[in-house]
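Counting starts at 1 for both ligands and their atoms, following the listed order. Basis for what follows: all heavy atoms, side chains included, without hydrogens, waters or symmetry-related copies.
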Amino acid sequence: MKNSKDIIYVGVNDHSIDLFEGYYKVPDGISYNSYIILDEKITVMDTVDEHFGEEWLNNIKTALNGRKPTYLVVQHMEPDHSANIITFLEAYPDAIVVSNQKAIKMMEQFFHTEIKNKLVVKDGDKLELGKHILNFVFAPMVHWPEVMFTYDSTDKILFSADAFGKFGALDSKDDEWDCEARRYYIGIVGKYGPQVQAVLKKAANLEIRSICPLHGPILEDDLKHYLKLYDIWSSYETESEGVAIFYDSVYGNTKKAVDFLSKKLEEEGCKKVVVNDLARTDMAEDIEDAFRYGKIVLASITYNGSVFPFMNEFLNGLVERNFQNKKIGLIENGSWAPMAARVIKDKLANCKNLAYVEPTVKILSSMNEGNKEQIVQLAKALKD
Ligand code: FEO
């Protein structure tokens with residue numbers, strides 16, 4: 001690390017995983033980060049996924065070169081970070097687990113054993129390691145209720161648990177942060193914007209030189225960039241200008257309407273038009289795009305008196321994550337009783353601050369001249 005000589009990375013890369021949390025596609029894998037703080041009282045920050053216990057313990061052994069850790073700080077109990085707590089205590093039986101009461105309770109739920117050597121901390125507590133002083137900053141629901149951040153006030157390092165993490169192993173070729181960090185954030189923490197805002201306010205009072213998350217790279221340069229994105233994402237504001245269109249189409253007729261709209265939006269001068277076929281694009285990427293852009297269009301066929309299954313999954317994904325603050329255009333298609341627009345509005349009924357843009361385009365089987373005129377009007381309305 002540039003900003004600390006005493007912090008050593010001992011995490012691991014997972015390239016064998018297909019679905020992170022059993023849902024998110026991670027073609028570039030993921031890292032489970034863990035760190036050692038070298039001091040009079042050597043401290044290990046978090047463990048790693050269950051499949052990497054041996055590699056992680058070897059990393060620790062190499063880094064410590066015969067020395068023994070005093071503390072294991074547990075910031076988050078989701079198993080991708082906590083699965084090796086008992087393995088660690090077997091290797092280092094004198095080590096003390098430092099965590100909060102909620103996390104200790106979860107340890108007992110996961111491992112069915114009492115953690116005897118423990119130091120239970122409260123929000124705002126400090127722990128002196130020698131030169132380094134750790135300050136515990138509780139961050140409930142970023143991403144589970146027991147989550148806490150740890151601020152090393154000596155080297156000004158923020159250990160941020162899942163926050164500021166991204167998909168992608170550290171040795172993957174993809175080193176662009178924003179896209180995979182956004183997909184990670186919106187997918188996994190997106191529902192908890194108010195809680196992220198609360199912890200960002202606490203962090204605003206700290207001088208931070210580096211951020212050490214539990215996934216993805218250590219952040220050391222241009223921290224304002226990452227903090228600003230987290231502020232936008234957690235306040236559900238528009239990150240990028242443009243229109244994102246999400247559609248499903250069985251025989252291609254709804255797709256033709258979407259392609260026509262896309263062309264008209266470009267003619268209207270829309271700088272960015274994103275078109276996602278919900279049956280074929282990554283659902284987490286679709287959901288990410290819906291949060292990213294301020295204007296979206298939903299185009300669906302009518303299916304079993306509802307919307308098509310991929311649109312249904314997409315809408316559920318939005319609602320679950322507190323979707324809000326959007327302008328929305330609607331295109332529905334049906335050969336005898338089109339009702340997708342009404343179903344979409346019903347499904348989004350509890351989302352805050354959604355403004356539907358007129359006209360709603362109602363296609364009967366395939367686009368006619370009247371529909372084309374409606375789509376031209378919709379493109380004009382979305383431009384403003
Ligand atoms: Fe990376 Fe919420 O676990």
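Around atom 1 (Fe) of ligand 1, the protein contributes the following N, O or S atoms under 2.8 Å, ordered by chain and number: Asp80 OD2, His81 NE2, Asp162 OD1, His215 NE2.
For the atom pair CD (Glu268) and CG (Leu261), the distance works out to 10.5 Å, reported to the nearest 0.5 Å.
Lys126 NZ: 12 or fewer foreign heavy atoms inside a 6.0 Å radius.
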Margin query: Under the criterion side chain to side chain contact (heavy atoms under 4.5 Å, CB included), I'd like the reasoning laid out for His215 against Phe164: C-alpha separation, chi angles, the key distance, then a yes or no.
Written below: CA-CA 8 Å; His215 303 285; Phe164 301 99; over 6 Å; no
Next item on the list: Carefully, step by step, assess Val361 and Phe260 under the rule side chain to side chain contact (heavy atoms under 4.5 Å, CB included).
Entry: CA-CA 12 Å; Val361 179; Phe260 187 70; over 6 Å; no
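Not a single donor-acceptor pair under 3.5 Å links the side chain of Asn276 to the backbone N or O of Phe246.
Residues satisfying the side chain to side chain donor-acceptor pair (under 3.5 Å) test with Glu146, not counting sequence neighbours, are His76.
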